[in-house]
Protein chains: 2
Amino acid sequence: MEHAQEALFRPVRAGNAFEETVERLMQSIRLGVVAPGERLPSERELATRLGVSRVTVREAIRSLQENNYVESRRGRYGGTFVNAEIPKPAPGKEFGDIHDALTLRKVLETGAAETAAGRSLGPSERRGLRAHLEEASTASLAEYRRKDSRLHLAIAEATGSASLTAAVAESRMRANELLDSIPLLEPNLVHSNAQHERIITSILDGDPASARQAMAEHLDGTASLLRGFLV
Amino acid sequence: MEHAQEALFRPVRAGNAFEETVERLMQSIRLGVVAPGERLPSERELATRLGVSRVTVREAIRSLQENNYVESRRGRYGGTFVNAEIPKPAPGKEFGDIHDALTLRKVLETGAAETAAGRSLGPSERRGLRAHLEEASTASLAEYRRKDSRLHLAIAEATGSASLTAAVAESRMRANELLDSIPLLEPNLVHSNAQHERIITSILDGDPASARQAMAEHLDGTASLLRGFLV
DNA sequence: CTCCAAAGGTATGTCAGCGAGCCATTGGCC
DNA sequence: GGCCAATGGCTCGCTGACATACCTTTGGAG
């Protein structure tokens, strides 16, 4: 009986079904899985996939509408569409959370890069990674965070592990909440793109050690930026 | 719109409150956080910490009683106690799950070992790690899986990241379900203890690269054992 | 032009899970 | 010997979430 219990006896549910559904939809939008102008899956489909009732999905979507994240249109070929401009969430985190979030992120993402580099990737996966790299490198400041996240998620997907991808998505969401509270500058972006290039090249070349190394440096960059701004 | 959605649009809840509560309590027992003969926290305390009602906690405990995991005694100094002999769960997994579970486990645990080695640990943490190592090395075949898990959890705790610890616990649970379906032999155990020794030594010496390396070898051992038995 | 498939919008009855309170049992403390 | 604190055991009313069914809107296909 000691403090490993703190991890195991934590609350079984992060929130109620409504809150968790909002959270997921927000993630899809903020991480750029559904881009501005694109349509979310239909309410019925979301209800099935998220494992909640359609009523709950609709309440969640309503909440996103009220916060100007999405708009819904009726009729065939209607649906719920992501707005071009999405609002920024209110920041404000505790310090302990920062260490926790950054530690988990580093473990997951360096591991994902290494694992992806160690697999033999198919042509479509290789093409996908290159495409996401290109997308991120040509992104404007406004789009950057979203396309950056899409790239990192693509790397996680390339591991072939669904639960690792899910873990990266969640960890990234937490990290982005922190990153949103500091400015994103042109030089950071150039530097970041160069690092992305190294990471993806290492993965495509099948060099796990170098992929891990490159990802570690990439993450350490934003991590120290964050600690500098927030401490 | 592509298949990163599979990770983000997965079900929001793993099961109902009852099922998730049973799962957590089972984890505490199987991972050895509460050892045979020891007492679980009181129902009221569990209800608070797990964030569910006491009714739900009691239903979960009832379920564990019916499956001979625990026994409850009334009165002051009573409580719910873990039985000396706990039953094995029914095995039976899909192959895709194995790759998924082992990939996540390797990423999390090698990352945890590396991170723990990179921190400056306090005296009590160092003592704790040594104690868990000793426990595992002197464990009988029957106790081994439990004490092994406790050691690995202690390593995760040594990272100072609660969410990393929680992730390791969950991942380990999944891996153990698989491992329970293959025999545990004396030679494996000796080999495993030697590897534990290397891992802990590297962590206490503050050598991250070597800690990662040792953990990777340790995990690869059981991973290939598993693939051999189940494929 | 009409039809109808597919999308969002609405209403209703049911039930799991919750909160809160009380009861029953036990064993150490005074 | 009696008290009482802390445990598990039990009940009841309330509410969030669910399943299901139906309505309304829309735009392409025939």
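Chain identifiers are assigned alphabetically (A, B, ...) following the order of the sequence lines, protein sequences preceding nucleic acid strands; residue numbering begins at 1 within each chain.
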note = Partner of Lys147(B) under side chain to side chain donor-acceptor pair (under 3.5 Å), picked from Glu135(B), Glu134(B), His152(B), is Glu135(B)
What is the distance from [atom1] of [X] to [atom2] of [N], rounded to the nearest Å?
X: Phe81(A); N: dA6(C); atom1: CZ; atom2: C1'; result: 12 Å
X: Tyr77(A); N: dA7(C); atom1: OH; atom2: C1'; result: 11 Å
X: Glu43(B); N: dT7(D); atom1: CD; atom2: P; result: 10 Å
X: Arg58(A); N: dA19(D); atom1: CZ; atom2: P; result: 16 Å
X: Arg62(A); N: dG8(C); atom1: CZ; atom2: C1'; result: 12 Å
X: Glu45(A); N: dA5(C); atom1: CD; atom2: C1'; result: 16 Å
X: Glu71(A); N: dG9(C); atom1: CD; atom2: P; result: 12 Å
X: Arg73(A); N: dT24(D); atom1: CZ; atom2: C1'; result: 17 Å

inquiry  = Test of understanding: with salt bridge (charged side-chain N to carboxylate O under 4.0 Å, His left out), list the residues that count as partners of Arg54(B), not counting sequence neighbours.
reply    = Glu43(B)
Sequence neighbours left out, what passes side-chain hydrogen bond (donor to acceptor under 3.5 Å, both in side chains) with [X]? Give chain and number order.
X: Ser72(A); value: Gln65(A), Thr80(A)
X: Ser171(A); value: none
X: Ser53(A); value: Thr56(A)

query = Reckon Ser72(A) has a side-chain N or O less than 4.0 Å from the OP1 or OP2 of dA7(C)?
reply =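 Negative; the distance criterion is not met.
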Sequence neighbours excluded - salt bridge (charged side-chain N to carboxylate O under 4.0 Å, His left out) pairs with any residue from residues 64-76 of chain B = none
ask   = Reading nucleotides 16-25 of chain C 5' to 3', which nucleotides get B (base under 4.0 Å from a protein heavy atom), which S (sugar-phosphate only), which -?
value = -SBB-BB-BB
